[in-house]
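What's counted below: heavy atoms across the whole structure, side chains too, no hydrogens, waters or symmetry copies. Residue numbers begin at 1 in each chain, while the letters A, B, ... track the order of the sequences.
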Protein chains: 2
Amino acid sequence: MAAWGERLAGVRGVLLDISGVLYDSGEGGGVPIAGSVEAVARLKRSRLKVRFCTNESQKSRGHLVGLLRHLGYDISEGEVTAPAPAACLILRERGLRPHLLVHDGVRSEFAQVDTSNPNCVVIADAGESFSYQNMNKAFQVLMELENPVLISLGRGRYYKETSGLMLDVGAYTKALEYACGIKAEVVGKPSPEFFKSALQQMGVEAHQAQ
Amino acid sequence: MAAWGERLAGVRGVLLDISGVLYDSGEGGGVPIAGSVEAVARLKRSRLKVRFCTNESQKSRGHLVGLLRHLGYDISEGEVTAPAPAACLILRERGLRPHLLVHDGVRSEFAQVDTSNPNCVVIADAGESFSYQNMNKAFQVLMELENPVLISLGRGRYYKETSGLMLDVGAYTKALEYACGIKAEVVGKPSPEFFKSALQQMGVEAHQAQ
């Protein structure tokens with residue numbers, strides 16, 4: 001405990017991952033990871049600020065928070081930093097109109113975004129929606145652009161579900177990068193901008209966070 | 001013509017590609033590329049040996065040849081070097097039992113191969129069969145192997161169909177390579193072994209071929 005006390009000296013806030021840290025997703029909403037419900041509760045009772053920073057891109061924040069609350073976590077939508085809303089900010093700033101290769105569960109996060117006559121592709125963890133037809137459509141949109149822009153919500157290789165390992169968005173992003181000869185822009189971890197935005201939202205400097 | 005005569009001096013054999021050279025594939029069997037039916041006929045009337053060397057991995061050689069003959073080409077199955085039969089040789093030599101991520105149209109080429117209790121994955125241009133479920137199954141097979149072996153029939157980025165550009169096997173191979181942290185073995189062009197086997201089958205040395 002002394003080592004931890006030392007390590008936490010000067011720390012004012014904590015960023016927590018969600019998938020694989022708080023819970024394992026899967027059929028029926030997933031299962032909490034042992035001890036994590038109580039750990040979140042203890043952090044929230046402490047003097048530390050707490051924020052959740054996830055690369056979840058298959059569910060909207062509303063859906064994710066509902067699911068976690070059902071599992072017993074004290075968490076609200078405003079406490080979650082996720083790649084879909086971060087991407088929406090970028091799209092607006094740069095006047096980008098995306099073709100969305102995303103799961104239906106996260107589509108609501110893009111409700112305010114103009115998707116007509118697309119001039120970029122946003123790819124997220126689309127799960128079963130990573131059909132050949134959907135991948136090929138995204139590929140064709142990119143190939144028709146003079147300056148193809150591909151925005152990837154995270155670039156995870158795979159994640160663990162209760163039923164086993166599942167391919168994540170990063171694998172499919174690699175496929176499009178290779179086919180089009182381009183490099184995707186990653187929104188989400190491990191991008192430093194993404195962590196910075198989470199810290200800003202928490203009101204904590206990088207050196208004060210764990 | 002003088003330049004061509006010079007260039008062909010010492011040439012004894014010609015390797016011809018099929019897709020995008022003889023014909024563009026697509027709905028209804030595809031369409032021949034202008035002048036190519038007659039060009040093949042002229043080559044066959046000449047003193048040159050002719051062989052067809054393709055990365056086609058969605059159709060069996062029998063199916064492909066039937067389709068080309070229907071379009072007017074003078075071609076037989078024994079004149080075609082294709083990655084699926086080349087892969088079968090490798091599988092047999094190395095005692096590999098593949099999980100097949102391939103199109104149903106090419107499955108017959110693997111009829112003599114033991115696919116029980118797989119210890120490798122063979123990936124080909126599976127087209128619509130590149131579903132998330134099928135990709136994930138191949139990924140899980142690889143992740144369960146101590147020494148994951150991924151054999152890719154070609155590594156093309158995309159090809160042209162009459163209806164537009166289509167993602168090729170290379171994109172999906174990249175996805176599995178990235179997810180598993182491995183490097184695939186490529187059977188097919190541009191692998192030198194593949195060209196060499198085509199030349200051997202034609203009975204011509206590399207410096208005598210075009």
Working to the nearest 0.5 Å, report the span between CZ of B:R157 and CE of A:M143. 9.0 Å
Pick whichever of B:G170, B:G164, B:S131, B:G127 has the most heavy-atom pairs under 4.5 Å with chain A. B:G127
Highest number of heavy-atom pairs under 4.5 Å with chain A: which of B:S129, B:A126, B:A179, B:G156? B:A179
Least distance between heavy atoms, A:A171 atom then B:A175 atom: O-CB, 3.2 Å
Counting only heavy atoms not in A:E205, do more than 12 fall under 6.0 Å of its CD? no
Ignoring hydrogens, what is the shortest heavy-atom contact between A:N136 and B:L165? Give both atom names and the distance. ND2-O, 3.3 Å
Heavy-atom donor-acceptor pair, B:Y132 side chain to A:L167 backbone, under 3.5 Å: yes
Please check: side-chain N/O of B:Y178 versus main-chain N/O of A:R155, any donor-acceptor pairing under 3.5 Å? yes
Parallel, tilted or perpendicular for B:Y172 and A:Y172, by the 30°/60° rule? perpendicular
A:Q133 CD: over 12 foreign heavy atoms closer than 6.0 Å: no
Side chain, backbone, both or neither: which part of B:Q140 has a heavy atom under 4.5 Å from chain A? side chain
Given that the side chain runs from C-beta out, which part of B:M166 has a heavy atom under 4.5 Å from chain A: side chain, backbone, both or neither? both
Flag the one option from A:F139, A:Y158, A:F130 with the top tally of heavy-atom pairs under 4.5 Å to chain B. A:F139
